Asks: 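Here's a structure for you.
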Amino acid sequence: PSFGNWEMMNARQVYDYERAIQKVNGVPQAQIDINYPVSLLKRGFDWVNAAFRVAQTKNYEISISGGNEKTKQYISLGYFDQEGTLIGSRFKRITSQINVEQNVNTQLKIGVNTNLSFANTFNVGSGNTYSSPLFGAITNSPLFLNPYAPNGTLYKGNELGFADFAVAEDNFLYSAYKNFNKRDQFRLLGKLYGNLKITDWLSINQNIALDVIYMHDKQYRDPTTLDGRNGADPSKSGSLSEILNAPITVTSQTSLTGGFKLNEKNIFDYLLLTEYQQNKFPTFSASGRGFSTNQLRELNVTAEPASVG
């Protein structure tokens with residue numbers, strides 16, 4: 001990804017800068033070498049490069065159409081997969097569309113349009129969470145802070161050797177893949193329509209549309225991360241929040257249209273329209289805290305409920 005003219009210092013630049021500051025403030029060279037030995041550069045780490053990536057986008061579409069004088073059909077299928085430039089973020093969507101129109105006779109035409117989609121959004125912690133790669137990339141020192149312990153394992157964030165140099169006791173390379181914000185969404189858009197031409201000056205049109213959405217949001221904070229850790233009561237570490245939304249909208253639209261010639265100079269056109277709409281918005285939310293293990297990420301295994309609504 002491009003950051004424009006904005007750039008973070010690398011380990012070498014921080015090293016030279018810190019040594020120059022000490023020299024300006026009269027610190028003896030021998031002491032500067034003790035405070036900032038060359039060996040520090042061996043543990044340098046590029047946190048910005050670890051937080052961001054070159055993301056890929058994939059898009060596949062296929063469609064088929066055909067028909068004759070009486071019947072027309074259209075079918076399409078699509079798949080979209082987009083990685084976010086921030087690690088741990090992704091969006092996937094599968095779509096389909098089916099349209100059929102039938103001329104029953106010279107006076108009556110009917111049709112149906114359907115659109116189906118399923119989308120999955122996966123995001124790591126936002127900028128106001130400790131597990132946010134964006135937060136860590138800006139605040140973590142590329143000189144003093146390395147995400148890996150000397151034995152090669154990832155720090156969680158609260159260990160000695162990491163916590164004493166970090167702004168927050170959290171290593172996003174560990175926590176970003178433990179904590180998540182996830183949304184699954186299914187949507188159905190459908191329309192049934194008909195047109196009946198009674199005379200040259202009178203046609204009746206009827207449209208019935210349906211919009212159904214099922215949306216499931218899930219936010220998990222792992223008990224081993226700073227966002228999920230409860231220092232006062234470790235048994236309540238870790239949290240999970242879930243929200244279900246299932247709005248349904250039904251719209252019925254009836255219209256009378258037509259026109260006729262009054263005389264050689266005047267034509268009268270008219271449109272009479274009536275519309276009815278019904279909306280339902282059922283929703284449910286619940287949250288709990290306290291996970292004995294990070295392998296089970298369901299509300300029914302939490303130590304206690306936090307809210308239900």
Side-chain angles (χ1 to χ4, degrees), residues 80-84 86-96 114-136 156-157 168-172 174-190 209-251 276-309:
F80 182 79
D81 183 357
Q82 183 179 54
E83 293 179 334
L86 201 65
I87 61 170
S89 57
R90 195 180 197 112
F91 176 75
K92 294 182 179 181
R93 183 180 62 221
I94 298 174
T95 57
S96 68
T114 60
N115 289 272
L116 292 171
S117 66
F118 177 78
N120 173 267
T121 306
F122 195 94
N123 289 310
V124 294
S126 56
N128 62 346
T129 60
Y130 295 113
S131 60
S132 165
L134 180 61
F135 174 79
K156 293 180 181 179
E169 295 182 0
D170 189 277
N171 178 7
F172 71 76
Y174 172 83
S175 60
Y177 296 99
K178 297 288 185 179
N179 303 334
F180 61 80
N181 301 308
K182 182 182 178 183
R183 169 175 287 182
D184 294 324
Q185 179 174 302
F186 167 82
R187 187 169 193 179
L188 165 65
L189 289 168
L210 178 67
D211 186 359
V212 178
I213 299 174
Y214 175 82
M215 189 163 51
H216 181 197
D217 291 320
K218 197 171 184 178
Q219 183 185 80
Y220 175 74
R221 297 293 176 259
D222 191 271
T224 63
T225 66
L226 184 57
D227 288 310
R229 200 179 305 137
N230 189 325
D233 188 353
S235 67
K236 296 179 182 178
S237 291
S239 65
L240 176 64
S241 299
E242 295 193 50
I243 301 175
L244 294 175
N245 292 310
I248 300 174
T249 302
V250 178
T251 305
Y276 168 80
Q277 187 176 88
Q278 184 177 18
N279 297 284
K280 292 184 178 180
F281 196 88
T283 183
F284 177 79
S285 64
S287 62
R289 54 176 173 259
F291 285 87
S292 59
T293 173
N294 57 11
Q295 300 302 312
L296 298 174
R297 302 172 181 177
E298 301 298 334
L299 283 172
N300 59 356
V301 300
T302 56
E304 66 174 25
S307 66
V308 177

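Every value quoted in this text rests on a predicted model; they were computed, and no experiment measured them.
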Asks: Test salt bridge (charged side-chain N to carboxylate O under 4.0 Å, His left out) on Arg187 and Asp211; report intermediate values, then the result.
Replies: CA-CA 7 Å; Arg187 187 169 193 179; Asp211 186 359; 2.7 Å; yes
Asks: Within the 3.5 Å criterion, strictly below it, is a donor on Thr249 or Asn279 matched to an acceptor on the partner's side chain?
Replies: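 Yes, because at least one side-chain N or O of Thr249 sits under 3.5 Å from a partner of the opposite role on Asn279.
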Asks: Nearest 0.5 Å, what's the OG1-CG distance between Thr95 and Asn115?
Replies: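 One finds 8.5 Å between OG1 of Thr95 and CG of Asn115.
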Asks: Which distance, rounded to the nearest 0.5 Å, do you find between the CG of Leu244 and the NZ of Lys218?
Replies: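 The distance works out to 10.5 Å.
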Asks: Using distance alone, with no hydrogens and no angle criterion, decide if Ser89 and Asn123 have a side-chain donor and acceptor under 3.5 Å apart.
Replies: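 The criterion, which ignores hydrogens and geometry beyond distance, is not satisfied for Asn123 and Ser89.
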Asks: For Asp227 and Thr225, test the side chains for any donor-to-acceptor distance below 3.5 angstrom and give the result as yes or no.
Replies: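 Checked: Asp227/Thr225 side chains show no N/O donor-acceptor pair below 3.5 Å.
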Asks: Check whether more than 12 heavy atoms from other residues, nucleotides or ligands sit under 6.0 Å from atom OH of Tyr130, and answer yes or no.
Replies: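 No, because the 6.0 Å sphere around OH of Tyr130 holds 12 heavy atoms or fewer from other groups.
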Asks: For the atom pair CG (Asp222) and CZ (Phe291), what is the distance rounded to the nearest 0.5 Å?
Replies: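 Reported to 0.5 Å precision, the distance equals 9.0 Å.
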Asks: Flag the pair Phe118 / Tyr214 as yes when their ring centroid distance falls below 6.0 Å, and as no otherwise.
Replies: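 Ring centroids of Phe118 and Tyr214 are no less than 6.0 Å from each other.
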Asks: Pairing donors with acceptors under 3.5 angstrom, does anything connect the side chains of Ser239 and Tyr220?
Replies: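 Note: Ser239 and Tyr220 side chains miss the donor-acceptor criterion.
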Asks: Under a 3.5 Å threshold, yes or no: a donor from one side chain and an acceptor from the other, between Ser241 and Gln219?
Replies: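 Gln219 and Ser241 do not have a side-chain donor-acceptor pair below 3.5 Å.
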Asks: For Phe122, is the NZ or CZ atom of Arg90 found under 6.0 angstrom from the centre of its six-membered ring and inside 45 degrees of the ring axis?
Replies: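 No, a cation-pi geometry is absent between Arg90 and Phe122.
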Asks: From Ile94 CD1 over to Leu116 CG, what is the distance, rounded to the nearest 0.5 angstrom?
Replies: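 Between atom CD1 of Ile94 and atom CG of Leu116 there are 11.0 Å.
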Asks: Out of the candidates Leu226, Leu240, Asn181, only one should pair with Arg221 under the side-chain contact (heavy atoms from CB on, under 4.5 Å) rule; please name it.
Replies: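 Option passing the side-chain contact (heavy atoms from CB on, under 4.5 Å) with Arg221: Asn181.
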Asks: Please report the C-alpha distance between Arg183 and His216 in whole Å, then the side-chain angles of each, then the deciding distance to 0.1 Å, and finally whether the side chain to side chain contact (heavy atoms under 4.5 Å, CB included) criterion is met.
Replies: CA-CA 6 Å; Arg183 169 175 287 182; His216 181 197; over 6 Å; no
Asks: Is the shortest distance from a Lys or Arg side-chain nitrogen in Arg297 or Glu242 to a carboxylate oxygen in the other one below 4.0 Å?
Replies: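 No salt bridge links Arg297 with Glu242.
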Asks: Do Phe284 and Val308 come within less than 4.5 Å of each other through their side chains, counting heavy atoms only?
Replies: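 Yes - at least one pair of side-chain heavy atoms lies under 4.5 Å apart.
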Asks: How long is the gap from OG1 on Thr129 to CZ on Phe172, to the nearest 0.5 Å?
Replies: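 Reported to 0.5 Å precision, the distance equals 11.5 Å.
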Asks: What's the spacing between Ile243 CD1 and Met215 CE if we round to 0.5 Å?
Replies: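 One gets 8.5 Å once the value is rounded to the nearest 0.5 Å.
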Asks: Any side-chain to backbone donor/acceptor pair from Thr302 onto Pro305? Under 3.5 Å, distance only.
Replies: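 Checked: no pair found.
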